[in-house]
J.: 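Mind looking over this structure? Questions follow.
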Amino acid sequence: MKIRSIKGFHDILPEDIGRWHHIEEHAKRSCELYGYSEIRIPVLEFTEVFARSIGAATDIVEKEMYTFADRDGSSLTLRPEGTAGVVRSYVENSMYTKSPQIKLYYTGMMFRHERPQKGRYRGFYQIGAEIFGSEAPESDAELIAMISGFFDGIGLSKSVTLELSSLGDGECRPAYKTMLMDYFIGHKDELCEDCQRRLDTNPLRILDCKQKGCIEISKNAPKMLDNLCDDCTQHFTRVKESLDSIGIPYEINPKIVRGLDYYTRTVFEFTTDQLGAQNAVAAGGRYDGLVKELGGPETPAVGFAMGIERIVLLHKEVIPEGFEKKTDIYIAYLGEEARDAAFKLAYEIRSSGARVEADYGGKSLKSQMKRADKSGARYTVIIGEEELKSGIVKLRDMEESSEHEVGMEELKKLASELKS
RNA sequence: GUGCGCGUAGCUCAGCUUGGUUAGAGCACUGGGUUGUGGCCCCAGAGGCCGCCGGUUCAAGUCCGGUCGCGCACCCCA
C-alpha cells in the first residue's frame, strides 16, 4: 500500500504557514492582553477525564473518541477537546489555592473520529481559554470581548456573527427539559425519525432540526429563555448589558445547543456563512459544575475554544493574498571562488537579522535570478570575479529593476533595516 | 454510521457519450534564445502501472462488477 497520512489528518504546508503564524500570534496576543497565562497539558488522558466532563451520552464520548488500552490495561483517550484536561490540571494542581481567579489559555491538536468534510478534520488545532473562579456575568462578557477583538485584529469582524443564549442552571434547566419533553411527546408522530430518536438522547437538539415539520412544531415549543430562573435571567441580562456597554453586537439565538453536557447559563458561538456546513469558528460558554464534577471545590468557570483550520479557511476567503514568507535578500554568484564568498556573505548578512537565501547549486546567473524572483526577495546581491577583487558587490533592487554597487558596511546597514 | 459525486503528468483538467495508432492541454519544473541579470515572450526537454483487482472483447483510459482512496452533505461539531 502506498504510504499516506491517516484519514482526516492533514499537513499544514509551508505556503500556508505564514497565515497560521499570523492567526496564532494574534490569538496568543489577545489572550495575554486579557491576562491569561498559557498552560500546556497532555494530549493523552485517562478516558474517564473526558467521559465524566463531556458527558457519557454525548456523541463525542459515545462514538468519536480515539480510545485504546495502555499496556497495563487502563483506558486512555486522545483529547477530543481542551477544557476537560485544563480542568483536570486545575484541580490536580490545586490552582484554586493560588488565587481566587485563574485565567488560562491553551493551544494544540484535538482528535475526533468523525467523517471528514469541509472544515472538519479528525486531527485539528484549537486555541481555547478558561476563566476559573468568577461567577460574574462581566467575566462572560470579557471573554467574548477578547474573542471579538481577536477577530477584529485579523480582519474578520465583518465575517463572523456572535450568537448568544443561556441554557439555565441546575435549578431551571431540568424543569425546562421536562416541559420540553412533554411538549414534544405530544407531537411525537409528527417529528422526523432523527428527532424521535433525539427525544431520548438530546431533546434540546430537536429545536435545531432542519426538517420542515420539526421546525413548525418547534415554533410553539417552550423556550429556555422564557423559562430561566430569576438568578439565570438576571445573569443573562447582565451579560447582555455588559456587551452593550462596550458596543459588541450579538444576536440572541435560543437554539444554540451544546454537544457537551457541562455547559450552564451563558453559551455562545461565533459563526460564519462562508464555510459551508461547518459554520461555527469559535464556541464556548459557562460551566459552573465541571470543576466539582472532576473532584475540585465548587468553582464557577467560563471558557471557549476556536478551530484554527476553520479560521484559516475563512481568513483565506476574506484575505486571499499577502501571507507568504518572503526572502529579503538573495545572493547570486558566478564561479567557484565567488561561491565561497557567497557562503560567507550570506552568513554575515543573516547576523544582521535579514532573511537571506542563496543556493550553492552552481547554476547559471539567469537561473539564480529566476529563483531570486520566485523567493520574493526585494534585493539580489551579485558576486562575480570583478566583485571578488574589489570587495564591492552589485545590489539589485528587484522591484525597481535597478542596481548599484555597495560595500559591506552599506549592505549590513540595509540588512538590519530589512530585519522583521 | 447514511447519501451523492469524483479518481488520467507535481497541480487544475480534457479525452470516456459512440472501445481502435506513440494518451493531450494549461500551470509548475529543467535547459536554451542573452559567454554576468528575474518577471513578459519564443523554442526545446523531462515528467503517466489512465487508483487497484477482476470481467466483457480480436482490442479497455473509455463498457461492467468489486475494492481502496478523496470530496461534499446528513448525523454531530471547533
Side-chain angles (χ1 to χ4, degrees), chain A residues 1-2 4-8 10 13 15 27 54 57-65 79-83 107-128 147 160 192-195 197-198 201-202 205 208-211 256-260 268-272 275-285 303-314 330 332-335 338 361 363-388 393-403:
Chain A
M1 190 173 53
K2 199 178 167 188
R4 55 159 199 267
S5 68
I6 299 166
K7 186 194 196 78
H10 65 130
L13 300 173
E15 56 257 40
I54 296 167
T58 58
D59 271 27
I60 292 179
V61 171
E62 273 187 350
K63 49 192 191 192
E64 295 175 2
M65 295 203 304
R79 61 183 182 193
E81 57 106 39
T83 300
T107 175
M109 207 179 205
M110 308 298 162
F111 307 85
R112 290 185 201 171
H113 198 278
E114 301 177 271
R115 193 81 167 257
Q117 66 189 70
K118 188 178 172 75
R120 181 208 271 172
Y121 301 90
R122 289 184 174 179
F124 60 101
Y125 289 88
Q126 283 191 337
I127 293 177
I147 305 162
V160 297
C192 72
E193 228 174 274
D194 281 333
C195 284
R197 178 179 50 79
R198 287 176 181 128
T201 56
N202 193 350
R205 183 71 65 187
D208 201 29
C209 183
K210 278 127 199 145
Q211 299 285 330
I256 294 180
V257 181
R258 289 278 87 125
L260 298 82
F268 61 87
E269 283 181 6
F270 283 81
T271 58
T272 177
L275 282 187
Q278 310 311 314
N279 65 342
V281 292
F304 90 104
M306 57 194 186
I308 306 181
E309 280 85 351
R310 288 183 186 179
I311 292 168
V312 167
L313 234 42
L314 178 61
Y330 193 96
Y333 68 91
L334 283 145
K363 300 270 186 178
S364 70
L365 182 61
K366 176 177 176 161
S367 152
Q368 293 181 70
M369 291 301 292
K370 275 190 180 178
R371 214 155 293 162
D373 189 45
K374 290 253 162 59
S375 77
R378 176 65 204 274
Y379 297 98
T380 301
V381 168
I382 301 166
I383 313 172
E385 281 173 40
E386 298 163 28
E387 288 83 359
L388 267 185
V393 296
K394 271 192 184 139
L395 180 70
R396 183 174 178 83
D397 184 322
M398 301 297 276
E399 278 173 32
E400 306 284 325
S401 296
S402 61
E403 58 191 50

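Side chains included, hydrogens not; waters and symmetry mates left out as well; all remaining heavy atoms used.
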J.: Would you mind telling me which residue lines up with the more 5' stretch of RNA chain B, A/Ala305 or A/Asp397, judged by nearest nucleotide?
T.: A/Asp397

J.: Is there side-chain contact between A/Met369 and A/Tyr330, with heavy atoms separated by less than 4.5 Å?
T.: no

J.: May I have the distance from A/Glu114 (atom CD) to B/C72 (atom P), rounded to whole angstrom?
T.: 13 Å

J.: Describe the nucleic acid contact of A/Thr380 in one word from base, sugar-phosphate, nothing, applying a heavy-atom distance below 4.0 Å.
T.: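 Contact class for A/Thr380: none.
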
J.: Any side-chain heavy atom of A/His10 within less than 4.5 Å of one from A/Ser5?
T.: no

J.: B/C70 pairs with which nucleotide, Watson-Crick or G-U wobble, both distances below 3.5 Å?
T.: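 In the structure as shown, B/C70 has B/G5 as its Watson-Crick or wobble partner.
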
J.: Both distances below 3.5 Å, Watson-Crick or wobble geometry, any strand: find the nucleotide opposite B/A78.
T.: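 In the structure as shown, B/A78 has no Watson-Crick or wobble partner.
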
J.: At under 4.0 Å between heavy atoms, what does A/Tyr125 touch on the DNA or RNA strands: base, sugar-phosphate, or nothing?
T.: nothing

J.: Separation of A/Leu365 atom CG from B/U34 atom C1', in whole Å?
T.: 11 Å

J.: Measuring from atom CZ of A/Arg371 to atom NZ of A/Lys366, what distance do you get when rounded to the nearest 0.5 angstrom?
T.: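 Here the interatomic distance stands at 13.0 Å.
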
J.: Any base atoms under 4.0 Å from A/Ile382, or only sugar-phosphate, or nothing? Heavy atoms, all strands.
T.: base

J.: Compare the minimum distances between each of B/G69, B/G38, B/C74 and the side chain of A/Arg4, then state the nucleotide with the smallest one.
T.: B/G69

J.: More than 12 heavy atoms of other residues, nucleotides or ligands under 6.0 Å from OH of A/Tyr125: yes or no?
T.: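 For A/Tyr125, atom OH is not crowded (no more than 12 foreign heavy atoms under 6.0 Å).
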
J.: Go through the N and O atoms of the side chain of A/Gln368 and the base of B/U37, and report whether any donor-acceptor pair is under 3.5 Å.
T.: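 Between B/U37 and A/Gln368, which were checked side chain against base, a qualifying N/O pair under 3.5 Å is absent.
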
J.: Which nucleotide in the set B/C72, B/C76, B/U37 lies at the smallest distance from any side-chain heavy atom of A/Lys394?
T.: B/U37

J.: What do the steps show when you test A/Glu309 against A/Leu313 for side-chain contact (heavy atoms from CB on, under 4.5 Å), and what is the final call?
T.: CA-CA 6 Å; A/Glu309 280 85 351; A/Leu313 234 42; 5.9 Å; no

J.: Starting from the 5' end of RNA chain B, give me the residue, A/Arg120 or A/Glu387, whose nearest nucleotide shows up first.
T.: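 Whichever sits nearer the 5' end wins; that is A/Glu387.
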
J.: In whole Å, I'd like the distance from the CD atom of A/Glu400 to the C1' atom of B/G39.
T.: 14 Å

J.: Check whether any side-chain N or O of A/Lys374 sits under 4.0 Å from OP1 or OP2 of B/C29, and answer yes or no.
T.: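 A/Lys374 to B/C29 OP1/OP2: side-chain N or O found under 4.0 Å.
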
J.: Where the side chain of A/Lys118 is concerned, which of B/G36, B/G38, B/A73 is the nearest nucleotide?
T.: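 Side chain of A/Lys118 sits closest to B/A73.
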
J.: Indicate, yes or no, whether a donor-acceptor pair under 3.5 Å links the base of B/G33 to the side chain of A/Lys366.
T.: yes

J.: Within this structure, what is the CZ-to-C1' distance between A/Phe268 and B/A78, rounded to whole angstrom?
T.: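 To the nearest whole Å, that distance equals 12 Å.
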
J.: Would you mind classifying the nucleic acid contact of A/Ala283 as base, sugar-phosphate or nothing, using non-hydrogen atoms under 4.0 angstrom?
T.: sugar-phosphate

J.: Just name whichever nucleotide pairs with B/C11, Watson-Crick or G-U, keeping both distances under 3.5 Å, else none.
T.: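 For B/C11, the partner nucleotide comes out as B/G26, under the 3.5 Å rule.
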
J.: Looking only at non-hydrogen atoms, find the nearest pair between A/Val281 and A/Arg310 and report the distance.
T.: CG1-CB, 4.2 Å

J.: In whole Å, I'd like the distance from the CE atom of A/Met109 to the C1' atom of B/A78.
T.: 13 Å

J.: Look at the side chain of A/Ser364 against the base of B/G31 and say whether a donor-acceptor pair falls under 3.5 Å; ignore hydrogens and angles.
T.: no

J.: Can you tell me the distance, in whole Å, between the CZ atom of A/Arg378 and the P atom of B/G39?
T.: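 My rounded result for the distance is 18 Å.
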
J.: Side chain of A/Asp59, heavy atoms from C-beta onward: which of B/G38, B/U2, B/C76 has the nearest atom to it?
T.: B/C76

J.: Looking at the base of B/G38, is there any donor atom on it, or on the side chain of A/Arg371, that sits under 3.5 Å from an acceptor on the other one?
T.: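 Looking at the base of B/G38, it does not pair with any donor or acceptor on the side chain of A/Arg371 (distance under 3.5 Å).
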
J.: Looking for any heavy atom pair under 4.0 Å, which part of the strands does A/Glu385 touch: base, sugar-phosphate only, or nothing?
T.: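 Answer is base: heavy atoms of A/Glu385 come under 4.0 Å of a base.
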
J.: Who does B/C49 pair with, Watson-Crick or G-U, both distances under 3.5 Å?
T.: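 The base-pairing partner of B/C49, which may sit in any strand shown, does not exist here.
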
J.: When you get a sec, tell me which of B/A78, B/C70, B/G38 is the closest nucleotide to the side chain of A/Lys370?
T.: B/G38

J.: Which nucleotide wins on minimum distance to the side chain of A/Ala277, given the candidates B/C76, B/C74, B/G38?
T.: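 Looking only at side-chain atoms, A/Ala277 lies closest to B/C74.
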
J.: Given atom NE2 of A/His10 and atom P of B/G71, what is their separation to the nearest angstrom?
T.: 11 Å

J.: At under 4.0 Å between heavy atoms, what does A/Glu309 touch on the DNA or RNA strands: base, sugar-phosphate, or nothing?
T.: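 Counting heavy atoms under 4.0 Å across all strands, no contact is made by A/Glu309.
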
J.: By the 4.0 Å heavy-atom rule, please label A/Gly128 as base, sugar-phosphate, or nothing.
T.: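 Answer is nothing: A/Gly128 stays at 4.0 Å or more from every strand.
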
J.: Between A/Arg378 and A/Asp397, does the side-chain contact (heavy atoms from CB on, under 4.5 Å) criterion hold? Intermediate values first, please.
T.: CA-CA 6 Å; A/Arg378 176 65 204 274; A/Asp397 184 322; 2.9 Å; yes

J.: Rounding to an integer number of angstrom, what distance separates B/G65 and B/G26 when you compare their P atoms?
T.: 35 Å

J.: In whole angstroms, how far is the P atom of B/C74 from the CD atom of A/Gln278?
T.: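 It works out to 7 Å between those atoms.
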
J.: Of all the choices, B/G38, B/A78, B/A73, which nucleotide is nearest to the side chain of A/Gln117 once you look at every atom?
T.: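 Comparing B/G38, B/A78, B/A73 against the side chain of A/Gln117, the answer is B/A73.
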
J.: Could you please name the option among B/G3, B/G36, B/A78 that lies closest to any side-chain atom of A/Arg112?
T.: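 From the listed options, B/A78 comes nearest.
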
J.: Between the side chain of A/Arg122 and the main-chain N/O of A/Glu114, is any donor-acceptor distance below 3.5 Å?
T.: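 Judged by distance alone, yes, a pair lies under 3.5 Å.
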
